[in-house]
Amino acid sequence: MRLFKYFRNIIKFVKFGGITTLEITQKTGYESLKGLKIVITGGTSGIGLTVAKRFIEEGATVLITGRSEQKLSEAKAKIDSSNLLTYLWDLNDYNQYNNHLKIILQKTSKIDVFINNAGILTNLNEKNNQLEDWNAIFNINLKSMYFNTLWICENLLTKNSIVKVINISSMSEAIYEVDPYNISKSGISSMVKGFAKEYAAKGLIVNAIAPGVVATKMTNLESQTNAYRENNPSKRNAVPEEIAEFILFISSSSCYYLQGQTIFIDGGESIR
Ligand code: NAD
């Protein structure tokens with residue numbers, strides 16, 4: 001039987017010029033998270049912090065980045081695990097992004113999953129569309145994601161390794177408004193498709209998730225208060241925990257064939 005497969009592969013190779021073998025793991029998804037090294041940008045609050053907590057509960061090591069030493073310490077106190085590492089990094093510091101990522105890699109020794117989570121919302125109380133708003137939003141919501149992903153492609157992909165990059169978009173990407181936040185998030189879909197096309201064969205698995213309204217600091221909503229949301233088909237907001245659970249699934253060994261996609265987790269709100 002083995003000999004037959006061997007010759008069949010040789011015939012395939014001659015005919016099509018390549019052989020791909022698959023190793024389907026016997027581990028359950030969550031077991032496969034144990035020992036993984038995860039990096040989360042902007043992980044001191046909201047979705048990022050919840051994701052960090054869940055990964056650590058499953059035995060992964062997580063490095064969160066943040067802009068403030070105090071917030072990083074607070075996050076460390078909340079999670080209270082030696083598997084949580086922190087790194088001070090304002091993502092606006094572009095010129096140094098190469099160095100920051102190098103130091104992060106030294107701290108974690110490898111990176112299995114990189115989560116581009118940090119994001120800022122357009123300040124709707126002020127007049128938006130101004131150049132500063134545009135630059136601030138695009139710098140964090142799109143430019144930092146692009147350059148982090150590019151660095152990973154150029155520095156981490158070796159012949160036998162797989163690196164997953166998960167970018168946090170938003171359902172706003174499918175809500176067309178003259179608003180830099182929505183437009184910056186739309187760019188993520190195009191970006192993940194581009195990176196997938198170019199780097200999947202080298203071991204990159206890159207996707208985005210697009211949450212609906214989630215109870216975090218960004219939305220000023222609390223998980224504990226009323227989650228009712230009239231214009232959502234499911235009539236409610238999301239909590240960070242359910243977004244985190246999906247990120248754990250994408251990061252696990254149960255999910256190796258999702259590539260270049262944006263998955264909406266929004267109770268159906270973006271359906272038009
Ligand atoms: P949050 O405000 O709690 O988290 C955003 C994080 O990004 C914060 O920790 C913040 O410090 C960090 N950040 C912002 N600018 C930074 C910078 N210059 N350098 C480093 N870190 C920076 O809100 P959240 O809801 O947890 O947001 C996480 C992601 O989810 C964002 O990308 C956001 O756009 C996206 N999202 C949120 C919602 C929602 O309703 N909350 C919905 C869809 C998408």
Side-chain angles (χ1 to χ4, degrees), residues 39-54 62-76 78-79 86-97 100-101 104 114-124 132-133 135-148 165-175 177 179-189 191-192 208-223 225 227 229 231-232 236-244 246-247 262-267 269-270:
V39 176
I40 305 173
T41 65
T44 57
S45 58
I47 296 171
L49 186 66
T50 309
V51 173
K53 185 169 170 281
R54 282 294 292 117
V62 180
L63 182 146
I64 56 169
T65 77
R67 281 176 290 182
S68 128
E69 203 66 91
Q70 193 195 327
K71 289 205 173 127
L72 287 168
S73 304
E74 284 167 12
K76 207 138 177 54
K78 277 184 196 150
I79 292 184
T86 58
Y87 183 67
L88 187 67
W89 179 16
D90 183 334
L91 289 159
N92 283 308
D93 186 18
Y94 281 109
N95 299 333
Q96 292 298 318
Y97 84 95
H100 288 298
L101 288 163
I104 286 173
F114 193 100
I115 304 172
N116 278 313
N117 165 73
I120 54 172
L121 193 62
T122 312
N123 188 350
L124 295 170
E132 312 91 78
D133 280 354
N135 284 337
I137 288 163
F138 269 72
N139 280 350
I140 302 307
N141 293 6
L142 194 57
K143 195 162 143 190
S144 82
M145 294 196 180
Y146 175 90
F147 282 104
N148 291 344
V165 176
I166 302 169
N167 300 285
I168 312 302
S169 177
S170 163
M171 73 165 176
S172 309
E173 78 148 74
I175 298 169
E177 283 173 353
D179 184 323
Y181 180 81
N182 297 30
I183 301 169
S184 69
K185 293 293 187 182
S186 299
I188 296 173
S189 273
M191 182 186 83
V192 296
I209 61 157
V213 174
V214 187
T216 66
K217 206 174 64 186
M218 184 175 272
T219 49
N220 279 325
L221 294 168
E222 282 284 339
S223 314
T225 55
R229 184 166 167 83
N231 56 353
N232 183 298
R236 70 169 180 91
N237 302 323
V239 290
E241 286 75 9
E242 57 195 321
I243 307 301
F246 194 74
I247 293 176
T262 299
I263 310 293
F264 284 73
I265 311 175
D266 65 354
E269 195 166 330
S270 60

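All figures in this text were calculated on a predicted structure; none of them were measured in a lab. Atoms within a ligand are numbered from 1 in the order they appear, just like the ligands themselves. One-based numbering along the sequence shown.
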* Asked: Should N232 and N237 count as side-chain neighbours, where that means a heavy-atom distance under 4.5 Å?
  -> no
Review point. Would you call L88 and L72 a side-chain contact if the rule is heavy atoms closer than 4.5 Å?
Key: yes
Judged by non-hydrogen atoms, does G212 sit under 4.0 Å from ligand 1? yes
Atom 43 (C) of ligand 1 sits nearest the protein heavy atom P211 O, 3.3 Å
The closest protein heavy-atom partner of atom 5 (C) of ligand 1 is G119 O, 3.8 Å
So for D90 against ligand 1, with non-hydrogen atoms under 4.0 Å, the contacting part is both
Checklist entry - What do you reckon, does M171 put a non-hydrogen atom under 4.0 Å from ligand 1? => result no
Is there at least one pair of N or O atoms, one from L91 and one from ligand 1, spaced under 3.5 Å apart?
yes
Subject >> Proximity flag P240 to ligand 1, non-hydrogen atoms under 4.0 Å >> reply: no
Check your understanding: Ion pair present between E177 and K185, side-chain N to carboxylate O less than 4.0 angstrom?
Key -> no
Checking heavy atoms under 4.0 Å, the part of S172 that sits near ligand 1 is neither
Quick note on ligand 1: atoms under 4.0 Å from a heavy atom of V213 include exactly 40 (O)
For T219, the atoms of ligand 1 under 4.0 Å from one of its heavy atoms are 39 (C), 40 (O), 41 (N)
Taking only non-hydrogen atoms of W89 and a 4.0 Å limit, the atoms of ligand 1 in range are 19 (N), 20 (C)
heavy-atom search around atom 37 (C) of ligand 1 in the protein gives M218 SD, 3.9 Å
- Message: A side-chain contact here means heavy atoms from C-beta on lying under 4.5 Å apart; do F114 and T41 qualify?
- Response: yes
The protein heavy atom nearest to atom 12 (C) of ligand 1 is G42 CA, 3.7 Å
Min over T44, T216, I168 of heavy-atom distance to atom 35 (C) of ligand 1 lands on I168
So, are E269 and R229 salt-bridged, with charged N and O less than 4.0 Å apart? yes
*Side chains of I188 and L142: does their closest heavy-atom pair fall under 4.5 Å?*
yes
Counting heavy atoms under 4.0 Å, the part of I47 that contacts ligand 1 is both
- Task: Ignoring hydrogens and angles, state whether a donor on the side chain of T44 or E74 is under 3.5 Å from an acceptor on the partner side chain.
- Result: no
Note: ligand 1 atoms sitting under 4.0 Å from heavy atoms of G46 are 3 (O), 26 (O)
Any heavy atom of N117 under 4.0 Å from ligand 1? The part involved is both
Checking heavy atoms under 4.0 Å, the part of Y181 that sits near ligand 1 is side chain
Open item on the list: Taking the side chain as everything from C-beta on, heavy atoms only, tell me whether S144 gets closer than 4.5 Å to Y97.
Closed with: no
protein heavy-atom neighbour closest to atom 11 (O) of ligand 1 works out as R67 NH2, 3.2 Å
Atoms of ligand 1 under 4.0 Å from any heavy atom of I120, numbered from 1 in the order shown, are 14 (C), 15 (N)
The answer for which part of V214 has a heavy atom under 4.0 Å from ligand 1 is both
**Request:** Could you check if a side-chain atom of P211 sits within less than 4.5 angstrom of a side-chain atom of I168, using non-hydrogen atoms only?
**Result:** yes
Report task. Determine, step by step, whether E242 and R236 satisfy the salt bridge (charged side-chain N to carboxylate O under 4.0 Å, His left out) criterion, reporting the C-alpha distance in whole Å, the side-chain angles of both residues, the deciding distance to 0.1 Å, and the verdict. Result -> CA-CA 13 Å; E242 57 195 321; R236 70 169 180 91; 2.9 Å; yes
Take I209 and T262 through the side chain to side chain contact (heavy atoms under 4.5 Å, CB included) test and state the conclusion after the steps. CA-CA 5 Å; I209 61 157; T262 299; over 6 Å; no
Quick one, I40 with L63, criterion side chain to side chain contact (heavy atoms under 4.5 Å, CB included). Give me CA distance, side-chain angles, the key distance, then yes/no. CA-CA 6 Å; I40 305 173; L63 182 146; over 6 Å; no
When distances are taken from atom 4 (O) of ligand 1, the protein heavy atom at minimum range is S45 OG, 3.5 Å
Of all protein heavy atoms, the one nearest atom 44 (C) of ligand 1 is S169 O, 3.1 Å
Contact between I175 and M171 at the side-chain level, heavy atoms closer than 4.5 Å - yes or no? yes
Side chain to side chain contact (heavy atoms under 4.5 Å, CB included) assessment of I47 paired with M218 = CA-CA 10 Å; I47 296 171; M218 184 175 272; over 6 Å; no
